[in-house]
Amino acid sequence: MSATPLTIRMHERDNVAVVANDGGLPAGSVLPSGLVLRDRVPQGHKVALVDIAADAPVLRYGIPIGHALKDIAPGSWVHERLLKMPAARGLDGLPIATVKPPPLPPLLGYSFEGYRNADGSVGTRNILAITQTVQCVAGVTAFAVQRIKSELLPRYPNVDDVVALEHGYGCGVAIDAPDAHVPIRTLRNISLNPNFGGELMVVSLGCEKLQPERLLPPGSFEIADERQLLDVVCLQDDGHVGFMSMVESILRQAEVHLQRLDARRRETVPASELVVGVQCGGSDAFSGVTANPAVGFCTDLLVRAGASVMFSETTEVRDGIDQLTARATTPEVAERMIQEMAWYDAYLQRGSVDRSANTTPGNKAGGLSNIVEKAMGSIIKSGSAPISNVLSPGERLQAKGLTYAATPASDFICGTLQLAAGMNLHVFTTGRGTPYGLAAVPVIKVATRSDLARRWHDLMDVNAGSIADGTASIEDVGWQLFHLILDVASGRKKTWAEQWKLHNALVLFNPAPVT
Ligand code: CA
């Protein structure tokens, strides 16, 4: 625990500050301003800087994150039970494309070593992916992948990995429901992720609702060899006699793709070929103070370098919708954002909840009183660049610059949808700590606190806690992350999640009914 009491205030209007010291501060601690703490305040939690009368707004990031339920004396711990959450802002009368920031100066001369694909995209890894139409085939495919890894992969040293795209969809679902296009296009676009080199290989059961032609309709994609038909191993084919014949079919087909992937080499490509998805998970009050602002600074660097950056997590930006619509480059972009928010509001309402269902016990223990406070800290990941594009869930990104890719905030679902959008690198911030990882793209994890970075020294790739400790600036950590992104994208460095092969499941967003 550092000796000097340290608090962080984000905006000059704020009437609370966040305690930065590891382990928090005991009652009686004297802040540099002379304020004496009346209560023990845990790390990441808020202390009242002035008298806050009942019903008065509690201001953080310069905006009301709640209203006091009773009088709060200076030096008091301002916890969630003292706050009434403000209602969500309506979606009418929002500022539309009103912020016209001066264009960010281009950032030239940065490159990485990537794998160029026939469709123009660039991979950061060279992976054979095996697409599955339905969960029924998952066990057989997993068995075959084990054998591919042990028997075939050693002969193809330029191929990084073999990944089975397992998921829970494909049958037992209302496949003609209007919202079923979300999981279907998500699966389709994941199989087209730049890290899979355009090699499409599908394992199908045979009788499932999601037939291979429905998942990947002819003409909807480019494959490495245009003369080749979609490569499908169908387990119910009459030719399969016994389990091992199915496994042999998968191995035989996999080898065709492995040979082509193995012939590929990295080449120098401009940093503009990066497609970076940013998200956070296991957030705490430091997320919005250290890691997310550093990621936001890096987002601006990437946009200046001509790259694509996506931010997502609808319930975590909903309370900042006015900031986002104001930053849209055109009224059409703002309108699409409003449509995505309205769709999500209605989706939550169908389940009799609202955006406040987002926060977790860990968020609250980490000092985040409610979704408004969490959202203000989450949006900062998007930096300051104009928002030039919006994606609906499962759509594939075609644009450079900063994109709002609408997804749920669920780490697994957001990551899955950003994979479908075509991300080739993922940046993930965490305060409470999560060992999150993805099999298909490298995940760079950024810790919000030095305490977490120390304890999880072989899981966290960047320590943004140095910002709260006062040993690095937001800009320092942002540049550190930018350079690490180029190294990881080039394969010069591995992330800890890659090192340990920590991979979370693909989790499809299926807003449609199951049967
Ligand atoms: Ca998340």
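Whatever order the structure lists ligands and atoms in, that order sets their numbers, starting from 1. Please read these numbers as outputs of a predicted model, since none were measured by experiment.
For Ala409, the nearest N, O or S atom to the Ca ion (ligand 1) falls under 3.0 Å. In summary, Ser283 places no N/O/S atom under 3.0 Å from the Ca ion (ligand 1), failing the contact criterion.
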Review point. Passes side-chain contact (heavy atoms from CB on, under 4.5 Å), Ile485 versus Ile444? Steps please.
Key: CA-CA 8 Å; Ile485 285 172; Ile444 295 176; 3.8 Å; yes
Exercise for review: Starting from the C-alpha separation in whole Å, work towards a yes-or-no answer on side-chain contact (heavy atoms from CB on, under 4.5 Å) for Thr133 and Arg214.
Suggested key: CA-CA 9 Å; Thr133 51; Arg214 186 160 188 166; over 6 Å; no
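Pairs of residues two or more places apart, or lying in two chains, that qualify as ring-ring contact (aromatic ring centres under 6.0 Å, His included) and include a residue from residues 309-328 are Phe311-Tyr404.
Using a distance-only test at 3.5 Å, with no hydrogens or angles considered, no donor-acceptor pair links the side chain of Arg449 to the main chain of Gln43.
Annotation: angle subtended at the Ca ion (ligand 1) by Glu313 OE2 and Cys280 O is 80°, to 10°.
Sorting the N, O or S atoms of Asp411 by how far they are from the Ca ion (ligand 1) puts OD1 first.
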